[in-house]
Amino acid sequence: MEPDLIFSINPGSPEPIYRQLVEQLRRRVASGQLVAGQEIPSVRELAQALAVNPMTVSKAFGLMEAEGLVERRRGLPMVVAAQHQKAMKTRGRVELLRPALEKAAAEAHQLELPPDQVLALFKALLEDKGETR
Amino acid sequence: MTHTLNQTPTPMMTMGGRAESQALADEHLAPPPVRASGLRVDFKGQPGVLAGLDWTLAPGQVVGLLGRNGAGKTTLLETLLGLREPQAGEVRLFGQPALAPDDALRARLGYVPQQSALFEDFPAADLLRYFRSFYPRWNDAKVDGLMSRWEIPRERRVSQLSQGQQQRLSIIRALAHEPDLLVLDEPVASLDAAGRRDFLRELVDQVLDRGTTVLFSTHILSDLERVAFNVAFLSRGRIALQAPQDALAEEIRLLSGPVGRLQAAVDAHGGQVLNRRDLGERPRWLVRFPGGQLPASDAALRCEALNLEDLFLELTQ
């Protein structure tokens, strides 16, 4: 798969780029878009494709490896690790959204917004995304 | 890998012993690409453009230099390269005085100035041939490849090229001799989005293939975000803060709330206050929490992560 199909950068985000890359891989593995044994791009390929500092990419890969998401093989491209072979059940996948939603909930609280209005906005965003895909 | 926090103590931020011990460790290796100490530059009616600035760049670092308009970024870059003599202080490039470079040192430096200063009457290809004669090393394949990819008409005079083409030609000229230190002053001001991306890829290649140390200033923060592992903020004539971007994102928060709560949060988590704005009921403090032990937001205390642009604005007010 092309490096820039697996990964992308969201500029202007407070989330560091290396964390964005790890989260994207995690989501793709969780949803079954990437399966065990599948090769991921090298540091060089990804740094070039995204025009990102290679140290940032290798930091992301280090963290993916430490978390058991990928396996390093001597002299060969890294692959998606085996323990993530089975795509997580929806229940597990939805938990990955918790940090982002907790943050949104805290902000909604600070803005003193009624829950209905917030949920309506979230629903609209989900549906929008569905159409543009 | 250089994940070093390389900071200069300033009124805005004081550091523990880590930067010093790192500096001592570096001293035993090759001299750093850039070491500036006590730089002072005054202009008529504008004293302290550089006000005792200390700064060191480690080999292979890619550093983005940020500062408000008029903060002195161009002056700093010119002084670092020995193109401008400071009233006080000294710059050493790879251990040699920047003001008296020999040919070997010159060959290790690449510079893309903000205003391209190319000979306007030369056709593009002749201009490059001219520069080629000054350098012991010259990567013809890279030059040819970039001239084609960036669609620069080889036989057209420099004065007849567009601003963007002149800027690209200036970049090619700076990359051609494969410098070990590349300094770029707003290198992408006249490039469109695609041109900028292509230029960033070229920088990434340099770093991958040669471990080039890169220092660049730009006002386009999304570019800087991608390729600069480290960022440095120039403010009031000094490097107010330099750190890996990741560390800034993970350790710096904007706190707002009653002063008592702010102080308690800073004390409890060992925070360093970088900037205070005590306006009315809800003061805002910009705080760095080394190690990333962050206070939690609640109804009275707000703790926000900042993107690079917001951080820049908060730091340089």
Side-chain angles (χ1 to χ4, degrees), chain A residues 2-5 7-24 41-67 72 77 98-115 118, chain B residues 1-3 60-64 193-194 196-209 211-212 214 220-231 244-254 256-257 282 292 296-311:
Chain A
E2 291 300 314
D4 50 353
L5 291 180
F7 297 103
S8 62
I9 299 295
N10 179 14
S13 160
E15 189 176 30
I17 289 174
Y18 83 97
R19 282 192 188 272
Q20 293 182 26
L21 297 176
V22 174
E23 286 310 313
Q24 285 167 19
S42 66
V43 168
R44 168 175 288 268
E45 286 166 341
L46 192 54
Q48 284 170 331
L50 300 176
V52 162
N53 192 302
M55 284 204 335
T56 304
V57 177
S58 76
K59 188 172 172 182
F61 284 10
L63 189 59
M64 290 170 192
E65 195 189 5
E67 293 194 2
R72 216 176 274 277
R98 181 176 286 276
L101 292 181
E102 273 176 349
K103 187 166 173 288
E107 288 185 15
H109 194 70
Q110 283 162 356
L111 294 167
E112 298 176 358
L113 292 170
V118 177
Chain B
M1 302 262 283
T2 41
H3 291 260
Q61 275 189 329
V62 180
V63 182
R196 277 165 31 216
R197 184 60 58 86
D198 211 33
F199 160 70
L200 293 181
R201 291 217 169 90
E202 205 46 52
L203 270 194
V204 167
D205 279 355
Q206 284 292 307
V207 172
L208 278 164
D209 295 340
T212 310
V214 181
I220 301 172
L221 295 187
S222 60
D223 290 350
L224 190 139
E225 225 171 58
R226 284 175 183 267
V227 298
F229 196 85
N230 290 274
V231 288
Q245 278 197 71
D246 295 342
L248 295 178
E250 286 165 355
E251 297 177 358
I252 295 186
R253 290 293 180 272
L254 184 64
S256 53
R282 283 183 78 84
S297 285
D298 58 35
L301 178 77
R302 186 168 177 164
C303 175
E304 279 176 276
L306 300 175
N307 67 21
L308 193 59
E309 186 167 358
D310 293 336
L311 176 60

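All chains are named by letter (A, B, ...) in the order of the sequence lines, taking the proteins before the strands, and each is independently numbered beginning at 1.
Panel note: side chain Arg201(B), backbone Gln48(A); a donor-acceptor pair is recorded below 3.5 Å.
Glu15(A) CD: more than 12 foreign heavy atoms inside a 6.0 Å radius.
Contacts from residues 103-113 of chain A to chain B, taken as heavy-atom pairs separated by less than 4.5 Å, involve Glu107(A), Gln110(A) in sequence order.
Ranked by heavy-atom pairs under 4.5 Å with chain A, the list Leu208(B), Asp198(B), Leu200(B), Val214(B) is led by Leu208(B). Contacts with chain A were tallied for Val207(B), Leu221(B), Asp205(B); Asp205(B) has the most, counting heavy-atom pairs under 4.5 Å. When each of Asp209(B), Leu248(B), Asp310(B) is scored by its heavy-atom pairs under 4.5 Å with chain A, the top score falls to Asp209(B).
Contacts of Leu306(B) with chain A are made by backbone atoms alone, with heavy-atom separations under 4.5 Å and no side-chain atom involved. In this structure, the portions of Val227(B) lying under 4.5 Å from any heavy atom of chain A include both its backbone and its side chain. Both the backbone and the side chain of Thr56(A) come within contact range of chain B, judged by heavy atoms closer than 4.5 Å.
Here the shortest heavy-atom pairing between Ala249(B) and Pro14(A) reads CB-O, 3.5 Å. Listed here is the closest heavy atom pair of Asn307(B) and Gly12(A): ND2-O, 2.8 Å. The heavy-atom pair separating Ala51(A) from Val204(B) by the smallest distance is C-CG2, 4.0 Å.
Sorted by first and then second residue, the salt bridge (charged side-chain N to carboxylate O under 4.0 Å, His left out) pairs involving residues 221-231 of chain B (not counting sequence neighbours) are Arg196(B)-Asp223(B).
By the salt bridge (charged side-chain N to carboxylate O under 4.0 Å, His left out) test, Asp298(B) is found to be paired with Arg261(B), residues two or more places apart in sequence or in another chain being considered. Under the salt bridge (charged side-chain N to carboxylate O under 4.0 Å, His left out) criterion, Asp246(B) pairs with Lys59(A), not counting sequence neighbours.
For the atom pair CD of Gln245(B) and CG of Asn53(A), the computed distance is 9.0 Å after rounding to the nearest 0.5 Å.
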